[in-house]
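Below: one structure, written as C-alpha cells.
One-based numbering, in listed order, for ligands and for the atoms of each. Since we're looking at a predicted model, the values are computed, not measured.
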Amino acid sequence: MSRFLGERYQALEAYTPGEQPRDMRYIKLNTNESPYPPAPEVTAAMNREQVELLRLYSDPTAGGLKRKLAELYGVKSENIFVSNGSDEVLNFAFMAFGGKGAVFPDITYGFYEVFGDLYGISCEKVPLKEDFSVDYRDYLGRDKLVVLANPNAPTGMSIPVSQIEEIVRTNPDSVVLIDEAYVDFGGETCLSLIGTYDNLLVVRTFSKSRCLAGGRLGYAFGSPELIADLEKIKYSTNPYNINRLTLFLGEATVDAEAYYQEKCAEIQKTRAWTAAQLTALGFEVLPSRTNFLFARSPKIDGGQLYRELKTRGILVRHFTNPRIAQFNRITIGTPDQMEALLEAITRILNETV
Ligand SMILES: *Cc1c(COP(=O)(O)O)cnc(C)c1O
C-alpha cells in the first residue's frame, strides 16, 4: 500500500477471483465458464472490419444490443441496462441503491460484500438455513437493498418466483436485486414482475450460459426509472463501458439463441449424470439449478480434495469459509471432462483415504 491511498479504502478487502492459471493446461472446472465455444455464427461474425472499426468509440447507448435483448425477452429497450460484465451492474446498483444498507445471505456471491465495503454500506448477512436454502421470510419488509442470487452461488439452489414476489412486494421503498447469472440452467426467472414492481432489478450475464466470460457483457432488467438511475451512474463514470467488439459479438449471440438453449440443455444433462455419479461415490450433492455442483464427501476434507485434484490437472473451486469448507464447487464441463473428474476422484478416494 502506498502512502497515498484514501483512508476509506485502506482496510478494503478486494474480491478474490477464481484461479486463472497460465502455468499448465488444466481441466478448468473452477469459475463456471462454459465448456463450449460461442455459436459458430458468433465466431464467423468477427472480422477485419470490426477490428479496424476499433478506432471509433463504441455506442454509449448500446442501442442495437438493447433492441435485440428487448425483442428476445419481450420488454422495452428502456427496461434494459447493459454493462461490462454483470459485476459492473452490481457495482453500480450498490453505489446507487445501497444508501439504507444491504442484506444478503451469509453464503452467496462474494462480490456483494466487497461492493458493500467499497461504498461504506452496512451489510447484514443472513445465515442460510441448515440445508443451505434461502428462507425468503428473512427478507420480507427489510427496507434496505436486498440482494439475492437466484439460483444462489455457490450452493446452486433456487427459490420460487412466488417467494421473490413476496420479498419485492414487502420492500416497496427499497430495491430488490435478483442476480440471475445462472437462471438459464433450469432456474425460474422473475423477469415478468418488472412491469408490476418499480423496485425490482433483475441482473443477467453473458458469461455463463452465453459462453462469453472473456467478452465481459452483462445486463439488467428493471423499471425505466431504475434503469435511468443506472445510466446516470454509468455516464458519470465510464460512458463507453462496453467495448465495440463485445457489443458486436453480443448482438450476434442474441441472434444465435437456439444454439445456447441447446448447450444449456446439454449441460443440465451432464449435471444430472455427474450428480448421480458423485452420489454413488458417497458425496452429498446439493440440488443444483446451475452449471455447477456443490458437493462434499464424508471421506475427504474439501481442501484436500481440491489440492489432490489440482495436482492431477483438474481445477475446482474451494472456499475456506468454515461453514462450507468441506465442499467443492465443480463447474459442469463436457461429458469427457466429467468422466476424467470422476476417474480422478475415484483414484483419490482409493489412494489417499
Ligand atoms: C459469475 C457471476 C457473476 C459475474 O458475472 P460477470 O458477468 O462475468 O461479471 C455475477 N453473479 C454471480 C452470482 C456469478 O456467479
Side-chain angles (χ1 to χ4, degrees), residues 14-20 28-35 38 62 65 69 80-95 102 104-116 118 125 128 132 134 145-159 164 176-187 189-190 201-221 230 234 238 241-243 246-247 249-250 253-254 260 264 267 271 286 288-294 316-317 319 321 324 327-332:
Y15 178 70
T16 313
E19 297 164 272
Q20 307 293 351
K28 201 169 170 307
L29 309 175
N30 69 328
T31 50
N32 299 339
E33 292 141 326
S34 176
L65 179 59
L69 285 170
I80 303 176
F81 181 75
V82 294
S83 62
N84 189 318
S86 60
D87 286 340
E88 189 180 55
V89 193
L90 299 174
N91 179 10
F92 289 176
F94 272 84
M95 200 190 302
F104 43 81
D106 63 338
I107 308 294
T108 191
Y109 186 41
F111 224 143
Y112 303 151
E113 187 171 19
V114 176
F115 287 131
L118 178 63
K125 293 194 272 181
L128 294 178
F132 297 99
V134 168
L145 175 65
V146 176
V147 183
L148 290 173
N150 193 39
N152 195 15
T155 63
M157 295 165 68
S158 67
I159 61 173
I164 298 281
V176 175
L177 187 162
I178 305 299
D179 183 344
E180 293 191 341
Y182 298 103
V183 75
D184 297 310
F185 302 103
T189 181
C190 62
L201 191 69
V202 182
V203 176
R204 299 271 187 92
T205 178
F206 281 67
S207 293
K208 279 68 186 239
S209 63
R210 268 45 186 181
C211 316
L212 218 59
R216 311 305 302 131
L217 190 58
Y219 57 106
F221 298 115
L230 293 170
K234 169 183 129 164
N238 186 7
N241 60 334
I242 305 167
N243 80 70
T246 293
L247 275 180
L249 297 179
T253 298
V254 178
Y260 295 99
C264 287
I267 284 169
R271 179 181 74 203
L286 299 191
S288 170
R289 302 265 201 118
T290 61
N291 67 338
F292 59 83
L293 292 170
F294 203 49
V316 298
R317 186 94 197 251
F319 299 92
N321 175 337
I324 52 171
F327 284 86
N328 278 288
R329 193 193 67 192
I330 303 164
T331 304
I332 302 301

Practice problem: Check each of Thr31, Asn152, Asp179, Asn84 against atom 11 (N) of ligand 1 and report the one with the nearest heavy atom. | Solution: Asp179
Quiz prompt | Inter-residue atom distance Ile330.CD1 - Leu29.CG, 0.5 Å rounding | solution = 7.5 Å
Exercise. Mark up the atoms of ligand 1 that fall under 4.0 Å of a heavy atom belonging to Tyr182, in ascending order.
Key: 1 (C), 13 (C), 14 (C), 15 (O)
Practice problem: List every atom of ligand 1 that sits less than 4.0 Å from any heavy atom of Gly85, numbering the atoms from 1 in the order shown and giving each element. | Solution: 7 (O), 9 (O)
Quiz item: Of Phe115, Phe111, Tyr112, which meets side chain to side chain contact (heavy atoms under 4.5 Å, CB included) against Val147?
Solution: Tyr112
Quiz item: Once the angle between the rings of Phe294 and Phe327 is folded into 0 to 90°, is it parallel (under 30°), tilted (30 to 60°) or perpendicular (over 60°)?
Solution: parallel
Quiz item: Under 3.5 Å, is there a donor-acceptor pair between the side chain of Arg317 and the main chain of Pro154?
Solution: no
Exercise. Verify the distance criterion only: is there a donor paired with an acceptor across the side chains of Tyr15 and Asp87 at less than 3.5 Å?
Key: no
Quiz item: How many angstroms lie between atom CG of Asn328 and atom CZ of Phe319, to the nearest 0.5 angstrom?
Solution: 9.0 Å
Quiz item: Which ligand 1 atoms are under 4.0 Å away from a heavy-atom of Thr205?
Solution: 5 (O), 6 (P), 7 (O)
Quiz prompt | Closest to atom 2 (C) of ligand 1 (judged by heavy-atom distance), picking from Lys208, Arg216, Glu33, Arg210 | solution = Lys208
Quiz item: Looking only at N/O atoms, are Ser207 and ligand 1 under 3.5 Å apart anywhere?
Solution: yes
Self-check item: Min heavy-atom dist Phe206 to ligand 1 below 4.0 Å
Solution: no
Practice problem: Please report which non-hydrogen protein atom sits nearest to atom 5 (O) of ligand 1, along with the residue it belongs to and the distance in Å to one decimal place. | Solution: Ser86 OG, 3.1 Å
Quiz item: For ligand 1, which atoms have a heavy atom of Ala181 less than 4.0 angstrom away?
Solution: 11 (N), 12 (C), 14 (C)
Quiz item: Counting distance only, does the side-chain N/O of Asn150 pair as donor-acceptor with the main-chain N or O of Ile159 below 3.5 Å?
Solution: yes
